[in-house]
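For ligands, and for the atoms within them, numbers begin at 1 and follow the listed sequence.
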Amino acid sequence: MTNATLSETTRLALPSDQEASGRTLGDEEIALAAEAIRSGTLTSTKGTFVKRLERRFAELLGVRHAWACASGTAAVHTAVAALDPEPGDEIITSPITDMGALAPILYQGAIPVFADVDPHTLNVTAATIEARLSPRTRAIMVTHLFGNPCDMDAILALAHARDIAVIEDCAQAFGARYDGRPVGTLGAVASFSLQQGKHVTTGEGGLVATNDDALARRMVLFINKAWGYGDPQPDHYFLALNYRMSELHGAVAVAQLPKLDAVVQSRITTAARLTERLRGLRGIVTPRMSPRSVHTYWKYCLQVDGGCVAGGAVELGRRLKERGIASSPRYIQKPAFMCEVFQKQRTFGTSRYPFTLARPEAVDYDRARFPGTFAGLEEVLVLPWTERYTDEHVDYIADSVREAVGRLTR
Ligand SMILES: *Cc1c(COP(=O)(O)O)cnc(C)c1O
């Protein structure tokens, strides 16, 4: 009955960031990729595209150094390795993030210590981070989730007072700003991802950025098996991997970068339209951000009040799917520490290293310690977003949400 009415309504196919309809890939990428292939040089150690990408990204961000690498995960690993933590050192981070932001900490022998999040933004805060500080805290990794900057002033003050480095994971936050400054320039180092679904893409790829010359040096070495290219007597100076980006990816990224500004502007404009169209809808809270922040909408995240909307985010997600809108209730489903790698400490053989070095509190994943995380995930409904959405797409989403919520309102 209700469902019949819904399916009778014309379904609009939404652009998807998983294929051409939702991506800004075109002749520029094709031309440069072809140029890379014709050159016959596909490695960045000899080619020019990756170097161009690194220079342009550093300029765009306004930092001294940027390096390209193989993935966002590799970028996080490179950032962590640059800080060279001792085994068992702690890196405070968010339980609502991509596993690619956490696995590198363990690979580097350090312990991810999870801070709770603000249930409204799902971002870590100075207060939740402070509650996890210990004498072993080596760094703080903030994730600007969905493109919404963390409250950096308070976090940086906390970190600076204790001489702790801040890593910004900007995988979801290209173009985002805090107090007018681009995210990725606020901490000691920043990582970005060029994965298929990110603001700009090469399918797979990553970038790191810093203003610190010594960290920059360590990072470029880490990406290159720590081989001192160009040094008078190069050697493999320390343990490191080949995380290089290929010239093919570099070529595509060079073509993508000039499009970033328009991509970001489009996402902001269409997101603002949806926010406007959903204004006053009972049981639905649109994204909250600080007036100091520019949110660049990697995704558009709604909060659904289950006390108001029967079945909450899960049921609303089901109703939207019937109209061809593929949302994700609960985003990553569960906090990262609920995954087996943390629960069962499955790492290297049966050793459980580096968890064996951890203080008990550092690996205490008791639910009561994460009220904001569990409450936030319960209510969240993540809508896919792309720069290719038009007003028509946004209005279709808004109408679909309004109609579904109208039917579900208690
Ligand atoms: C996508 C993402 C990563 C990992 O990037 P990959 O390119 O997929 O390896 C890390 N952190 C966050 C917050 C991400 O969204």
Starting from [atom], what is the nearest protein heavy atom, named by residue and atom, and what distance separates them?
atom: atom 15 (O) of ligand 1; result: Gln172 NE2, 2.8 Å
atom: atom 11 (N) of ligand 1; result: Asp169 OD2, 2.7 Å
atom: atom 4 (C) of ligand 1; result: Asp98 OD1, 3.6 Å
atom: atom 6 (P) of ligand 1; result: Gly72 N, 3.5 Å
atom: atom 9 (O) of ligand 1; result: Thr73 OG1, 2.5 Å

*asked:* Below 4.0 Å, non-hydrogen atoms only: which portion of Thr143 touches ligand 1? Side chain, backbone, both or neither.
replied: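 Just the side chain.
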
*Please report the C-alpha distance between Tyr243 and Asn224 in whole Å, then the side-chain angles of each, then the deciding distance to 0.1 Å, and finally whether the side chain to side chain donor-acceptor pair (under 3.5 Å) criterion is met.*
CA-CA 7 Å; Tyr243 272 164; Asn224 285 283; over 6 Å; no

Are [X] and [Y] an aromatic pair by the rule of ring centers under 6.0 Å?
X: Phe238; Y: His236; value: no
X: Phe337; Y: Phe342; value: no
X: Phe146; Y: Tyr297; value: no

*Kindly identify the option in Glu204, Lys198, Gln195 whose heavy atom sits closest to atom 2 (C) of ligand 1.*
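Closest candidate by heavy-atom distance is Lys198.
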
_Could you check whether Ser134 and Glu90, counting side-chain N and O atoms only, form a donor-acceptor pair closer than 3.5 Å?_
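A pair is found: one side chain offers a donor N or O, the other an acceptor, under 3.5 Å apart.
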
_Are any of the N/O atoms on Ala171, whether in the backbone or the side chain, positioned under 3.5 angstrom from an N/O atom of ligand 1?_
no

*asked:* With respect to Ser193, determine whether any N or O atom, backbone or side chain, lies less than 3.5 Å from an N or O atom of ligand 1.
replied: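 Between Ser193 and ligand 1 (N or O atoms, distance only) the closest approach is under 3.5 Å.
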
*For ligand 1, which atoms sit closer than 4.0 Å to a heavy atom of Thr97?*
13 (C)

*Hey, does Asp84 have a side-chain heavy atom less than 4.5 Å from the side chain of Arg218?*
yes

*Go through the steps to decide whether Thr286 and Tyr300 satisfy the test side chain to side chain donor-acceptor pair (under 3.5 Å), and finish with yes or no.*
CA-CA 8 Å; Thr286 52; Tyr300 187 107; 4.7 Å; no

